[in-house]
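Starting off with a structure, shown below.
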2 protein chains.
Amino acid sequence: MSDTDSRGGAERIIEAAIDLFGRHGVHGTSLRSVAQQAGVSQALVVHHFGSKDGLLRACDHHVASVTRANKERTVAGGPQLDPFQTLRQLEKSQPLLRYLARALTEGGERTRELVDEFVADAHDYMRLAEEAGFVKPSATPHERTIVLVIWSMGALAMHSHVKRLLGVDFLADDAPPESLGPYLRPMLELFTQGLMQEGAFDQMTEMFEVPESISEREA
Amino acid sequence: MSDTDSRGGAERIIEAAIDLFGRHGVHGTSLRSVAQQAGVSQALVVHHFGSKDGLLRACDHHVASVTRANKERTVAGGPQLDPFQTLRQLEKSQPLLRYLARALTEGGERTRELVDEFVADAHDYMRLAEEAGFVKPSATPHERTIVLVIWSMGALAMHSHVKRLLGVDFLADDAPPESLGPYLRPMLELFTQGLMQEGAFDQMTEMFEVPESISEREA
DNA sequence: GCTGAGACTGACTAAGTGTTCAGTCAGTCG
DNA sequence: CGACTGACTGAACACTTAGTCAGTCTCAGC
């Protein structure tokens, strides 16, 4: 909306689209509103991206490239429990994370590729962390990693409830690391001392003791 | 759709609305499509519920009453790790769970009440399970319960990815309990043996426990 | 100068949206 | 019987939607 914006129109449009798609969903966002927020005409949006679906794909591609570029930063940061922690430290990460949170649930087939990439990365980190002696070995390492990624993604998708219930804002731009405490502290406690007493395990696993068909799964 | 439907119009409309809202979202569902699926005119929908928002509230109320009615069943079932497990055993629970999964993420303030209820219930269950010797005590029991509920809700919201990655379908009507194995087995393993080795705990909790250590880090 | 390409726009279209309204029909009550 | 109620409908309403189109502007290259 500012008179002097050095960035090109297409770039401003994608930025506005990510913000509005994340805020109100795809169906709840019109090309008009995207154009208005970007300070351009609606026709220009179609001119650049062909259609609303084309704009959506461009947004996905943009988010994917940003997250991919951050993989190196994640690797350098040592063992990581939360795959989105490094994304949070990006500048202006709030709209991007909000878009990602929404895409994870209503994206359907579109987000499949991105999620698979998160899982693959997490698998690498877990293997490294296990070799470094940070995490314990598992009877089903593949499934365990998937469950952990699902929980992280799910918690991101539930960010509004997390903020209300714990006072932890996953989308905050300038949140200091210790502000995540009310979420991370019980998580770390669960991941060290566990949740259940020893006896409860055998009692509950009986129900799921099917032939070891799943353990065949491997990459 | 069927010529002879004993149920009243309002009931059929709510059922159709829950199905379509859960499938395509609120913005992606028109009153026309709801009326068509219910085998009724669009005007009747407005006649019964006043507006689209009124229909939405009626759906929320319906879901809330069903889940509330199942609280007793949950209590009788003993210690429960997943607050949605009993919902899954309902007949025709698939549309209801899908609606719930979508409402959890895009419901915003609307779903606040329902989520708070889930948390309050989970708090009761955790206290009972702790007294029964099933789960270990926690330094932050309140936050721990919230985190567990958030993970459960988040996993439900991620049901499409869970199905693709683990072959576990949270929304399946006729799924036998052991079909949840690939999800529940690593979860139980995490909750008994934990995830991290003993040494890793102190190393990572430093960041969130003592404020002085952080100021030292920055200096 | 001129040409052509591409960013960019206002005006338009056809379809779809939630909502309004007048009115039909089957019952119920006095 | 007539008055009345409530479920139910078709047709219209005003509005928004994604997408089209003709045409303007800027600017590099000849």
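Naming convention: chains lettered A, B, ... in sequence-line order (proteins, then strands); numbering from 1 in each chain. Reckoned from all heavy atoms, side chains included, excluding hydrogens, waters and symmetry mates.
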Rounding to the nearest 10°, end axes of the helix from C:dG1-D:dC30 to C:dG30-D:dC1 built from five pairs each make an angle of 10°

Sorted by chain and number, sequence neighbours left out, side-chain hydrogen bond (donor to acceptor under 3.5 Å, both in side chains) with B:T140 holds for none

### Task
Scan side-chain atoms only and decide if A:D19 and A:Y99 contain a donor-acceptor pair under the 3.5 Å cut-off.
no

Whole-Å distance, A:L56 CG to D:dG19 C1', equals 16 Å

Between NZ of A:K52 and P of D:dT16 the distance, given in whole Å, is 15 Å

Review item, side-chain donor-acceptor pairs of residues 111-120 of chain A, under 3.5 Å, at least two apart:
residue	atom	partner	partner atom	Å
A:T111	OG1	A:A103	O	2.9
A:R112	NH1	A:E109	OE1	3.3
A:D116	OD1	B:R164	NE	3.4
A:D116	OD1	B:R164	NH2	2.7
A:E117	OE1	A:R68	NE	3.4
A:E117	OE1	A:R68	NH2	3.0
A:E117	OE2	A:R68	NE	2.6

The reported gap from CD in B:E106 to OG in A:S160 (rounded to nearest 0.5 angstrom) is 11.5 Å

Next on the checklist: So B:L97 and B:H159, do their side chains get closer than 4.5 Å, heavy atoms only?
Outcome noted: no

Separation of C:dG18 atom C1' from B:F49 atom CZ, nearest Å, is 16 Å

Rounded to whole Å, CD of A:Q36 lies from P of D:dT16 at a distance of 12 Å

Discussion item. So for atom NE2, which belongs to B:H123, do other residues, nucleotides or ligands contribute more than 12 heavy atoms lying within a distance under 6.0 Å?
Written reply: yes

**OP:** Report yes if some heavy atom in the side chain of B:K52 is under 4.5 Å from a heavy atom in the side chain of B:L56; otherwise report no.
**Re:** no

The correct set of residues in residues 21-34 of chain A placing a heavy atom under 4.0 Å from DNA chain C is none

- A:R110 side chain to A:D60 backbone, donor-acceptor under 3.5 Å: no

ask   = Quick one: are B:I150 and B:M153 in side-chain contact, heavy atoms under 4.5 Å?
value = yes

Practice task
Return the orientation label for the B:W151 and A:F191 ring planes: parallel under 30°, perpendicular over 60°, tilted otherwise.
Solution key: parallel

What protein N or O atoms touch nucleotides 4-11 of chain C N or O atoms at under 3.5 angstrom, if any, and at what distances?
residue	atom	partner	partner atom	Å
C:dA7	OP2	A:H47	NE2	3.0
C:dC8	OP2	A:H48	NE2	3.3
C:dT9	OP2	A:S41	N	2.8
C:dT9	OP2	A:S41	OG	3.1

**Message:** Can you confirm whether A:T105 sits close enough to B:R102 that some side-chain heavy atom of one is under 4.5 Å from a side-chain heavy atom of the other?
**Reply:** no

Check nucleotides 22-24 of chain C against the protein and report each pair of N or O atoms closer than 3.5 Å, with its distance, or say if there are none.
none

All heavy atoms of A:H161 vs all of B:L104, minimum pair found to be NE2-O, 3.0 Å

Rounded to the nearest 0.5 Å, the CG atom of B:D169 sits from the NZ atom of B:K163 at a distance of 4.5 Å

